[in-house]
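A quick write-up on the structure given underneath.
Residue numbers begin at 1 in each chain, while the letters A, B, ... track the order of the sequences.
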2 protein chains.
Amino acid sequence: MIPNFSQAEENYIKNIYHLQQSTGFVTTNELSAALNTKPASVTDMLKKLKLKKLLNYEPYKEFQLNALGKKVALGIVRKHRLWEYFLVEKLQFGWDEVHEVAEELEHISSKKLIEQLDSFLNYPRFDPHGDPIPDSNGKMSVQQQLLLTELPLNRFSEVTSVGSQSTELLELLKHKNISIGTRLEVKRKFSFDQSTELELENKVRVNISEQLASVLFVKEL
Amino acid sequence: MIPNFSQAEENYIKNIYHLQQSTGFVTTNELSAALNTKPASVTDMLKKLKLKKLLNYEPYKEFQLNALGKKVALGIVRKHRLWEYFLVEKLQFGWDEVHEVAEELEHISSKKLIEQLDSFLNYPRFDPHGDPIPDSNGKMSVQQQLLLTELPLNRFSEVTSVGSQSTELLELLKHKNISIGTRLEVKRKFSFDQSTELELENKVRVNISEQLASVLFVKEL
DNA sequence: AATTTTTTTTAGGTTTGTCTAAATTTTATT
DNA sequence: AATAAAATTTAGACAAACCTAAAAAAAATT
């Protein structure tokens, strides 16, 4: 069984994980900047994580999480994103307010807690920022969700989720003939009001407001 | 504003609070036993809590939380019990499983989190063990709820809540003519099967099983 | 290739919260 | 009231996680 790790250890693991997503390797300075700690402190912790067999690390070299380290990291990411989803969906937090709180909640250790939470939330696949939530085996959807506001022009895409369940929003979406699964392309953006012209699957064009575009998640096809 | 306290400090505060409920005062040894730490460590922390103006403490004397200390303690108790309620009501935990997890969750610091959670849970007044949940001002219902199994003979009492929402339970309660608000007295307990004979408000007598009695909360009148 | 700059590590401290062992104070017993 | 026992505090250490300052290694520049 995987042992428990301290909050500090978990923060290092999680940050290494995120940093190594780009190039596969991380440097002491990068990590120290991400964690807001001095490089000397980072070195200390790297030795400890190596000792605990989570990290490939040799002095003065770049480092990376090994298989076990990545597994642990995915568990933390899972908790973080599930809690974010919970805060937004159930406790009426805004997307922008959840990160800090989730930073604390992600360190709660109960395995049962997180499995029951996942089930209670109905196994969401993406957090409120569109990032994929690893399942209990660490698997997650590869494709990141984008906000419609971030989608470039003329890319085929599909609506994957909406950032709120309010009846007002659902009413509007019904009117515009948009629902989960609707395929669309962004054809134009009007800078005056940031409104967006979409082309739906049936070639119909609709114009949607910035407020609406900013609560629609899509994935590119 | 009240500052934040470390997890260790919070655990001391909470335990002092509970211990001083009986006699109003706590001794170093009592607290050390409750916390599973050595008396010497307790002394260290007592000095710190005194310095932080939470505690009335003089060397070699019994001690107690002052007004501020009690306020802080109630905030922790509030969080603990709200989380317990959440775990049982929303995440299908059994009463017996919640304590440990709540011990961790009670240290999450976000004020907004706990207020939103309270609202999400619909401002429950008692936790799954029948203990009252302080409101955001630290006020709580004085009367503790009891399990019907704990109620002495011939005491007027009123059903306040049921420990589960299962349809099976509700079906049985309907059959027995018992609901929230029903007034009753325990008239006899049969040691063979621990079943209980109740007298309801209309003088009707019913016999209920131990399983049923152990999910009914009552308050004495 | 030599030198400078940057990065990383080492060495030695600090704080928090714990411990053990010894000293002190309080309480209980004779 | 004197002594023994129990409770509490003090003194000195230790681990975790951080720090600063100096040393060492690696990378960049001349």
State whether a side-chain donor-acceptor pair under 3.5 Å links B:Glu104 with A:Ser109.
yes
Let me know the distance between OH of A:Tyr57 and C1' of C:dT7, rounded to the nearest Å.
11 Å
Check the phosphate of C:dT18 against B:Tyr12, side-chain N and O only, distance under 4.0 Å to OP1 or OP2. Yes or no?
yes
Whole-Å distance separating the CG atom of A:Leu49 from the P atom of D:dC18:
11 Å
Given atom CG of A:Asp44 and atom C1' of C:dT10, what is their separation to the nearest angstrom?
9 Å
Flag the pair A:Glu84 / A:His99 as yes when at least one side-chain heavy-atom distance between them is below 4.5 Å, and no otherwise.
yes
Want to settle it: does B:Thr43 or A:Met45 sit nearer the 5' end of DNA chain D, counting the closest nucleotide to each?
B:Thr43
Identify whether any heavy atom of B:Pro39 sits under 4.0 Å from a base atom; if not, whether one sits that close to sugar-phosphate; answer base, sugar-phosphate or nothing.
base
Under 3.5 Å, is there a donor-acceptor pair between the B:Asp193 and B:Ser195 side chains?
yes
Determine the contact category for B:Ala40: base if any of its heavy atoms lies under 4.0 Å from a base atom, sugar-phosphate if only primed atoms, P, OP1 or OP2 are that close, otherwise nothing.
base
So which of residues 25-38 of chain B are in contact with DNA chain D, with a heavy-atom cut-off of under 4.0 Å?
B:Thr27, B:Thr28, B:Asn29
Here the distance between atom P of C:dT16 and atom CG of B:Asn4, to the nearest Å, is 15 Å
Taking NZ from A:Lys50 and C1' from C:dT9, how many angstroms apart are they, rounded to a whole number?
14 Å
OP1 or OP2 of D:dA23 less than 4.0 angstrom from a side-chain nitrogen or oxygen of A:Tyr60, does that happen here?
no
Partner of A:Asn66 under side chain to side chain contact (heavy atoms under 4.5 Å, CB included), picked from A:Asn56, A:Leu49, A:Leu55, is A:Asn56
Please give me the minimum heavy-atom distance between B:Phe5 and B:Leu54, naming the atom from each residue.
CE2-CD1, 3.7 Å
So, OP1 or OP2 of C:dT18: does either fall under 4.0 Å of a side-chain N or O from B:Ser41?
no
Measure across B:Pro128 and B:Val88 and return the closest heavy-atom pair with its distance rounded to 0.1 Å.
CG-CG2, 3.5 Å
Nearest whole angstrom, please: distance from the C1' of C:dT16 to the CD of B:Glu9.
9 Å
N or O in side chain of B:Lys47 less than 4.0 angstrom from D:dT10 OP1/OP2:
yes
Does the side chain of B:Leu216 come within less than 4.5 Å of B:Leu147's, by heavy atoms?
no
Quickly work out the B:Glu58 CD to D:dT9 P distance and round it to whole Å.
11 Å
Could you check how far CD of A:Glu62 sits from C1' of D:dA27, rounded to whole Å?
12 Å
